[in-house]
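Here the structure is laid out as structure tokens; the discussion comes afterwards.
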Amino acid sequence: MPMKIRSDVALTFDDVLLVPRRSDVRSRKQVDTSSYLTKQIRLKIPIVSANMDTVTETRMAIAMARQGGIGILHRFMTIPQQVEMVERVKRAESMIVDNPITIAASATVQQARELMAEREVGGLVVVSDEGKLLGMVTTRDVLLAVNGDAPVSQVMTPRERLVVAGKEETLESAREKLYQHRIEKLPLVDENDRVVGLITAQDIVKIQEHPNATKDARGRLMVGVAVGARGEDVERAQACVEAGADVVVIDIAHGHSDLVLDMLRTLKKKLSVPIIAGNVATAEGVRDLAEAGADAVKVGVGAGSICITRVVTGFGIPQLTAILECAREGQRLGVPIIADGGVRNSGDLVKALAAGASTVMLGSALAGTDESPGASVVREGRRYKVVRGMASLTANIQRKAIEKGEISEEDWGEVVPEGVEAIVPARGTVVDILHQFVGGLRSGLSYAGAHTIEELWKNAEFVPITQAGYRESGAHDVSKI
Ligand code: XMP
């Protein structure tokens with residue numbers, strides 16, 4: 001009977017340390033933490049929030065992109081719900097509002113108030129039937145007006161008193177105009193005075209606040225979406241990309257499968273955005289997905305904090321070995337590797353990158369933040385948030401409920417969970433957590449004598465450690481306070 005057993009022991013993060021090297025890095029600020037998410041998209045920080053329903057929805061995706069990473073919206077919702085989340089991320093910030101909300105000069109002040117409240121904007125562009133600029137009306141104009149029945153034309157700032165610019169306006173010039181004239185909004189018009197956009201002071205402030213933000217060509221935050229590998233997932237991917245999604249992740253627990261390869265080939269034909277596929281844990285997996293067109297490959301089988309795949313199925317490869325093996329192949333083929341699962345702290349992040357990953361996906365490390373979906377719970381006076389595996393019992397049942405509209409007794413019995421439900425301590429904002437991760441990464445680059453993540457790949461040398469070495473690595477022989 002043919003039987004195979006690998007002779008090398010597979011390792012994970014706690015089994016190794018990195019060997020310190022001579023370094024010419026004099027300041028942590030000197031190092032560059034940018035890295036490729038896909039062949040096409042380079043992030044300022046190599047961190048991706050996981051497509052889990054307790055990790056990434058709109059708020060998390062916005063926060064991740066503002067900090068220079070990216071969020072992948074999970075897929076355990078209807079297509080319209082996922083599309084709406086994409087739209088909300090894309091609307092969160094941009095230099096130019098392409099379709100500003102407009103109102104007719106003959107509309108009443110009350111109608112303007114209602115429109116502003118409904119669309120959550122502080123100003124409306126007043127236009128003629130042909131779309132020509134007639135004026136601007138702001139919250140202040142309508143809130144202070146006594147007569148709600150008066151036409152907007154009576155309270156607006158008329159065209160002749162407005163400062164305007166053309167569609168090609170630059171950020172610097174717009175900032176200058178807004179500042180010089182002490183105004184909040186700058187309408188953009190074409191040669192016929194038709195409104196073609198709007199720049200607001202608020203948006204420019206946001207751009208200045210987040211200089212590392214991950215942006216598309218139009219200055220909007222980037223966002224990814226997860227899809228499955230079944231028929232309706234093609235429609236899901238297309239709808240999300242039409243709404244502005246910048247990258248699609250085909251996310252299947254066993255990504256080295258014909259199902260995923262077929263889906264990948266189909267999506268590569270239909271979509272123009274980069275496609276990430278996974279998860280795999282071997283060089284063969286990376287090669288097959290790369291050949292089918294993957295623009296990045298996600299690596300990790302059973303490594304996640306909430307995963308029990310290895311217990312339930314007996315399959316998986318400890319994560320550090322999986323990354324080493326996959327990254328070697330990924331680098332040979334020019335396909336970035338995303339290390340997904342098991343990263344608990346910045347030390348693990350540095351080890352995953354040093355092993356050859358280009359970016360790292362975080363699940364439970366981000367699940368306790370304010371930006372993760374779901375309310376927090378209090379237990380014995382401490383605040384926690386829920387995190388659950390996407391193959392857990394409750395996640396499986398919820399998915400069935402979305403698909404079928406209802407669930408029966410048998411549905412519960414049919415599930416064989418490969419993930420668990422759990423809680424993690426509430427941890428404050430994503431900004432705080434990423435600050436710790438990126439700070440640790442900067443130090444790590446310095447210990448490796450590396451200025452970039454690509455240099456870290458070259459300089460890294462791992463040393464396997466014993467239990468005693470592991471014990472020595474954490475705080476020890478002191479009482480924690
Ligand atoms: P961390 O350790 O960052 O891992 O929380 C997040 C990753 O775990 C994977 N994931 C699962 N794996 N059963 C699994 O075997 C599950 O129910 C499950 N849910 C999530 C996924 O790759 C995620 O990014």
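Both counts, for ligands and for their atoms, begin at 1 and track the order of listing.
His74 and Phe76 have parallel rings, their planes meeting at less than 30° on a 0 to 90° scale where 60° marks the start of perpendicular.
The distance criterion of under 3.5 Å between nitrogen or oxygen atoms is met by Gly363 with respect to ligand 1. For ligand 1, one of its N or O atoms has an N or O atom of Thr309 under 3.5 Å away. Checking only distances, Ala365 never comes within under 3.5 Å of ligand 1, N or O to N or O. The distance criterion of under 3.5 Å between nitrogen or oxygen atoms is met by Met390 with respect to ligand 1. Checked by distance only, ligand 1 and Val343 stay at 3.5 Å or farther apart across all their nitrogen or oxygen atoms.
At a 4.0 Å heavy-atom cut-off, ligand 1 does not touch Ala253 at all. Residue contacts with ligand 1 for Arg388 are absent, since no atom lies close enough (heavy atoms, distance under 4.0 Å).
Taking every non-hydrogen atom of Met361 and a distance limit under 4.0 Å, the qualifying atoms of ligand 1 come out as 24 (O). Those atoms of ligand 1 that come under 4.0 Å of a heavy atom in Glu418, given as number and element, are 13 (N), 14 (C), 15 (O), 16 (C), 17 (O). In summary, the atoms of ligand 1 found under 4.0 Å from a heavy atom of Gly419, numbered by their order in the structure, are 13 (N), 16 (C), 17 (O).
Without hydrogens or angle criteria, Arg28 side chain to Gly439 main chain gives a donor-acceptor distance under 3.5 Å.
For atom 23 (C) of ligand 1, the closest non-hydrogen atom of the protein is Asp340 OD1, 3.4 Å.
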